[in-house]
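A quick write-up on the structure given underneath.
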Amino acid sequence: MLKPNKIRLMTELAIYEKNRKRDVFDISNFYENDYIAGQLFSSFVRYTICAAFVFTLYVFLNSEFIFTKINVDGAGSVFLKSFVAYIIGLAFYMMITYFVSTKRYKNARRGMLLYASKLKRLGRKYEDMAKVKRDIK
């Protein structure tokens with residue numbers, strides 16, 4: 001027999017699976033430290049590629065000034081300043097990534113617990129139905 005509350009719960013679960021699959025189910029396959037480490041590594045790679053692109057673009061746009069005005073001693077100082085700016089920017093970006101990844105993981109974990117509790121509730125409804133059917137026979 002179809003029960004409206006059971007159908008409603010199954011529909012909620014199906015909608016939740018469809019809408020939150022990427023947010024909850026993919027993240028919850030990892031341990032917290034593994035997920036955060038993966039996010040930090042990918043952020044490091046992305047930031048390094050972007051910094052190299054920006055540095056290359058700066059060199060191309062200001063190549064005349066760089067080759068005529070900066071001597072060998074000045075180039076070392078400019079490179080050191082660029083490297084320090086890269087490290088400071090990287091540290092800031094990694095901190096942001098760490099906090100965002102931690103929050104995403106905790107939200108996904110909470111969502112997974114909510115999903116599991118709804119599944120347990122649905123399982124109990126099926127068990128109750130099976131028990132009623134056994135008692136009738």
field: Set of residues satisfying side-chain hydrogen bond (donor to acceptor under 3.5 Å, both in side chains) with respect to R46, sequence neighbours excluded
entry: S42
task: Compare all side-chain heavy atoms of R109 with those of I27 and state whether any distance is below 4.5 angstrom.
output: no
- request: Classify the side-chain pair R104/N107 by whether it contains a donor and acceptor separated by less than 3.5 Å.
  value: no
How long is the gap from [atom1] on [X] to [atom2] on [Y], to the nearest 0.5 Å?
X    : Y    : atom1 : atom2 : answer
R124 : L119 : CZ    : CG    : 11.0 Å
L113 : R110 : CG    : CZ    : 9.0 Å
F60  : F55  : CZ    : CZ    : 10.5 Å
S43  : I36  : OG    : CD1   : 11.5 Å
Y105 : N33  : OH    : CG    : 8.5 Å
Y98  : L40  : OH    : CG    : 8.5 Å

query: Between F92 and I88, does a side-chain contact (heavy atoms from CB on, under 4.5 Å) hold up when you go through it step by step?
result: CA-CA 6 Å; F92 183 70; I88 291 171; 5.6 Å; no
- prompt: In chain order, what residues pass the side-chain contact (heavy atoms from CB on, under 4.5 Å) check against F41, with sequence neighbours excluded?
  reply: V45
- prompt: Is there a side-chain contact (heavy atoms from CB on, under 4.5 Å) between Y35 and Q39 once you walk through the steps?
  reply: CA-CA 6 Å; Y35 175 74; Q39 294 299 309; 3.7 Å; yes
query: Does OH belonging to Y86 count more than 12 external heavy atoms closer than 6.0 Å?
result: yes
message: Could you report the tightest heavy-atom contact between A85 and Y47, atom names first, then the distance?
response: O-OH, 4.3 Å
message: Please tell me whether V54 and M94 are part of a single hydrophobic cluster in this structure, the criterion being side-chain heavy atoms less than 4.5 Å apart.
response: no
